[in-house]
Chemist: 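Have a look at the structure that comes next, please.
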Amino acid sequence: MKLAILGAAGSGKGQNTSRIAKKYNLHHVVVGDIVKAEIRNKTEVGKIMYDFTSKGRFVPSDIVMDVLAKQLNTFPEDEGFIIDTAPLNMDQYNKMVSLVNLDAVISLEVENYNILRHRTLNRLICPSCRGVTSVTESPDEVCPYCGEKLEHRYDDNLETVNFRIAQYLRETVPVLDEFEKQGKLIRINAELSKEEVFSQICQKIDNFFAKKSLK
Ligand SMILES: [Zn+2]
């Protein structure tokens, strides 16, 4: 199973990806983490990437996709993975198609942007175990997984949320359309409750691969 997951900030990507990876026994590949690790380890490509990020610029798609492909190539052929979050734009998509052949892409869809705004502004993260929860679920602001004091992400404010939503519509939605044309898109209504969203994902993944195996 070679999957990618896409969704706007607040669509529930982090939590659902962890659960999907666990349930289907997949490597959980976080693109941002690979980039950060290369920079931290000061590899050749890490130094080039640092040049961009330190100036507040995006790392070019071909560099990001190369390090992603390198990571995927370390997995044995019979082991699956789920990529969180790529390809984010058509540039990454065009580079990625020559490197990775995905079976399916899961799209977490929220049409009511107020839900995205509310979830993002309500979000709490754990600096220690990186668990994600919310003000509603953890009003004491203590991590339910490890007991650490929870924090808001520094850039979770209304202005950046609106910016991320607009960017998602402009840059990522065209990527979804491409996967749709190839019959690889699994659309999920991510406005529902956590448990409803996750069971919907599992059901649709199971159906998708059951149909695929019949072909
Ligand atoms: Zn924690």
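Every number for a ligand or one of its atoms is a count from 1 in the order of the listing. Predicted model only: the values in this text are computed from it and were never measured.
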Chemist: Among L108, D84, T172, find the residue that satisfies the side chain to side chain contact (heavy atoms under 4.5 Å, CB included) test when tested with L6.
Modeler: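 When side chain to side chain contact (heavy atoms under 4.5 Å, CB included) is applied between L6 and each of L108, D84, T172, only T172 qualifies.
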Chemist: Does a donor on one side chain and an acceptor on the other come within less than 3.5 Å for E195 and S193?
Modeler: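 Absent: no donor and acceptor within the cut-off.
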Chemist: Out of D33, V31, I34, which residue meets the side chain to side chain contact (heavy atoms under 4.5 Å, CB included) rule with Q71?
Modeler: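 Per the side chain to side chain contact (heavy atoms under 4.5 Å, CB included) rule, the option paired with Q71 is I34, out of D33, V31, I34.
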Chemist: Between E191 and R119 (salt bridge meaning N to carboxylate O under 4.0 Å), is one present in this structure?
Modeler: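 Not counted as a salt bridge, because no side-chain N and carboxylate O are separated by less than 4.0 Å.
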Chemist: Short of 2.8 Å from the Zn ion (ligand 1), name each protein N/O/S atom, waters not counted.
Modeler: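 Correct list: C126 SG, C129 SG, C143 SG, C146 SG.
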Chemist: Listed by chain and number, what are the side-chain contact (heavy atoms from CB on, under 4.5 Å) partners of L72, not counting sequence neighbours?
Modeler: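 By the side-chain contact (heavy atoms from CB on, under 4.5 Å) rule, L72 matches V29, L68, F75, F81, I83, V100.
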Chemist: Taking everything shown except E141 itself, do over 12 heavy atoms lie less than 6.0 Å from its CD?
Modeler: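 Check passes, neighbour count above 12.
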